[in-house]
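Notes follow the structure.
Reminder, nothing fancy here: chain letters follow the sequence lines and each chain counts from 1. Remember, predicted model here, so these are calculated numbers, not experimental data.
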Amino acid sequence: MSVRTRFAPSPSGHLHVGGARSALFCWAFAANHGGTFLLRIEDTDQKRSSDAASRGFLEDLAWLGLDWDEGPLWHGRGGGETGPYEQSNRLDIYEQYLSRLVAAGHAYHAFETPEELAEARRLARAEKRAYRYDRAALNLDPDTVAAWLAEGRPHVVRFRVPDDSPIIIQDAVLGEVRVEPGELEDFIIRKADGFPTYHLAVVVDDHLMGVTHVIRGQEHLANSPKHALLQDALGFDRPVWAHVSLIFNPDGSKMSKRDKDKALRAEVRTRGLDSPPEGAEIDEQRWESWLGDKTAQLETEEASRLAGVLGIDLPAINVDDFRRAGYLPEVLLNYLALLGWSPGGDREQFDLAFVRENFGLDRIIKSPAKFDRSKLLAFNLDAIQAMDDDQFVVRLHAFCQDFEPMFLESMTPHQFKLFARANKERSKTFRDPIESGRFFIEQDEVITWPATKAIRKALCKGEPCGFDRLAAVRDLLASAEPWTPAHLESMLTTWADANCDGNLGKIAQPIRVAVSGGPVSPPIFDTLDILGRDAVIARIDRCLASRGELEEAAL
RNA sequence: GACCCCAUCGUCUAGUCAGGUCUAGGACAUCAGGUUUUCAUCCUGGGAACAGGGGUUCGAAUCCCCUUGGGGUCGCCA
């Protein structure tokens, strides 16, 4: 039988790195076995699912290059014989299996309200005992149940957990996992709104879609016995389970899609804010329910607006966060693969093709791993340095198109090309040239020279000082012909030989500060080339004019 | 709290399943030098781990047990 794997996210927010890794492993395992990789949208939670979120997921997956063979239709991907692939479109299917379970006595109707259950849980907790549903509904007489159902009384359907023998599941990563009878309660398989819960939907869909291998995060391990029970009751084969260890934050807590909200809530609390701050654009009611419910999540835009207003950085946990931060998809995938899987030996850097060729369940790592940003960054640096110049130009261009269009609007294509090339060597991410290169696209009049230590050192220190040297080469630059890095270099090198003992830095640094407003730029001759003569001279003149002010500030 | 999972440098890991080749290898980080017109790179070198205790064995990082530590789950979320 051919291998079929599935990635089945619930569309709440963006794809986070843990989900991305699960998707990668599913993809790789299927690809390695010439099988099929399915994508299924688990949108049975009416409160939390949104179309926007599921589009975000698809985009994130596509950006990573993890194409699904079957699943939602999206830009030429997806389709398949076993759809629909959104659970909200499969309700009638679940209903059939649900009736079957009820008819066979494997499931029963229960009428407790959420409030009653919450109270029972609270009580159990107060008495320090483990809470399990008491099966009260099982003792209802059939006529009462029939009457209540007929009058439309709200109810759920619970699965009747057999209490005679232990549940033993085989996990490809963890081995045998055993749960004693009595550890599981009669879990709910259909909610009061008529939607199935995750457990039922997953089991039915995995069966109908022919899923052979379920590779997922270890937070799902405790669900597997429930699924095994449902599969047994329904007469389905069990899939091969492989539970992958969790990804942690550096502080050791589980890296979760709720971390952003957690950080936000903590900041709101410490500041004692009781209403949404100006500029966050969150309405009062939403604010209340978000603050009060620690499982509630703000929309991506709301969250980043709020973070902006509060002046805090949100933790990067979503694929999209890393994309915006200028990481390469292949590097993120490489790093993620390493967090939970190892090809063995000393091999660490590899591409998707390598993962496809070598991935196997047997080398999945059992212990949890902390997400280390600095290693990811080091990998990204290596990948960028391994590109040829033209490739870097193209990819930086694409990045700017998505996130920094100003860089394309403010430069000619030729300038952009020079800009990209000059920056490649010092770029760890696509963000780097953007952040350090703002001065390239700013108007000449916007450049200022604050009296920082580095700027004063370059311009004011010494005899002669940087200003003196700048003044001395100003006309030389104004009349330089041709305006090329090579010619500028030979010109200024000659000048430095004659005027500062061949120490090019003595003149390069004042020029750098003058044209950029700061102490950092690409190599000075490239920088001048990109800016062009007019901007360079205009900036030098303005810088020279600011001399009095700067020297005064230094006193 | 109950149940389940996990345990090699600060971090990710190789080595564990088939015990000796391990005075435990690599990578990131870190420290010390060096290269460099700034920044970033880059080069050289250093320090850094088998959680603890019992077994089994001629021999244990590797097998078993206990302890400790970390984590997950305990939702009409998925």
key: B/S/- contact track for nucleotides 35-53 of chain B, protein heavy atom under 4.0 Å   = --BBBBS------------
message = Can you build the contact string for nucleotides 60-70 of chain B? Use B for base contact, S for sugar-phosphate-only contact, and - for no protein heavy atom under 4.0 Å.
response = -----------
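The side chain of Glu183(A) has C3(B) as its nearest neighbour among A78(B), C4(B), C3(B). Comparing atom distances between the Arg258(A) side chain and each of C77(B), C12(B), G71(B) picks out C77(B) as nearest. With A7(B), A78(B), C4(B) as the choices, the nucleotide that has an atom nearest any side-chain atom of Ser367(A) turns out to be A7(B).
Spacing of P atoms, C63(B) relative to G45(B), comes out at 35 Å, to the nearest Å. Taking atom P in both C58(B) and G52(B), one finds a spacing of 24 Å when rounded to whole Å. When the C1' atom is used for both G59(B) and G19(B), the distance is 8 Å, rounded to whole Å. If you take atom P in C66(B) and the same atom in C4(B), they sit 12 Å apart, rounded to whole Å. Between G15(B) and C74(B), the two P atoms lie 33 Å apart (nearest whole Å). Remark: the separation of the C1' atoms in U37(B) and A32(B) is 25 Å, to the nearest Å. Taking atom P on both nucleotides, C17(B) is separated from A60(B) by 14 Å, rounded to a whole Å. G55(B) sits 24 Å from A18(B) when the P atoms are compared, rounded to a whole Å.
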key: Working for ring-ring contact (aromatic ring centres under 6.0 Å, His included), residues Phe57(A) and His14(A)   = CA-CA 6 Å; Phe57(A) 262 91; His14(A) 266 286; 7.7 Å; no
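Under the 30°/60° scheme for interplanar angles, the aromatic rings of Tyr97(A) and His207(A) are found to stand perpendicular.
One can place CG of Leu174(A) at 14 Å from C1' of A7(B), the figure rounded to the nearest angstrom. Spacing between atom CZ of Phe159(A) and atom C1' of C76(B) amounts to 17 Å, rounded to whole angstrom units. Regarding Gln218(A), its CD atom lies at a distance of 10 Å from the P atom of A7(B), rounded to whole Å. Distance, Arg122(A) CZ to G1(B) C1': 16 Å, rounded to whole Å. G15(B) atom P lies 13 Å from atom NZ of Lys366(A), rounded to whole Å.
For Glu348(A) and G26(B), a side-chain-to-base donor-acceptor distance below 3.5 Å is present, hydrogens and geometry of angles not being considered. Contact annotation: side chain of Lys375(A) to base of C12(B), donor-acceptor pair present below 3.5 Å.
Using a 4.0 Å heavy-atom distance criterion, Gly175(A) is classed as making no nucleic acid contact. In this structure, Asp362(A) reaches neither bases nor backbone, as no heavy-atom distance under 4.0 Å exists between it and the strands shown. Residue Ala369(A) is classed as a sugar-phosphate contact, given heavy-atom separations below 4.0 Å to backbone atoms only. Residue-level contact check: Val156(A) touches the bases, meaning some heavy atom is under 4.0 Å from a base atom.
The two atoms that bring Phe195(A) and Thr44(A) nearest to each other are CD2-O, 3.3 Å, heavy atoms only.
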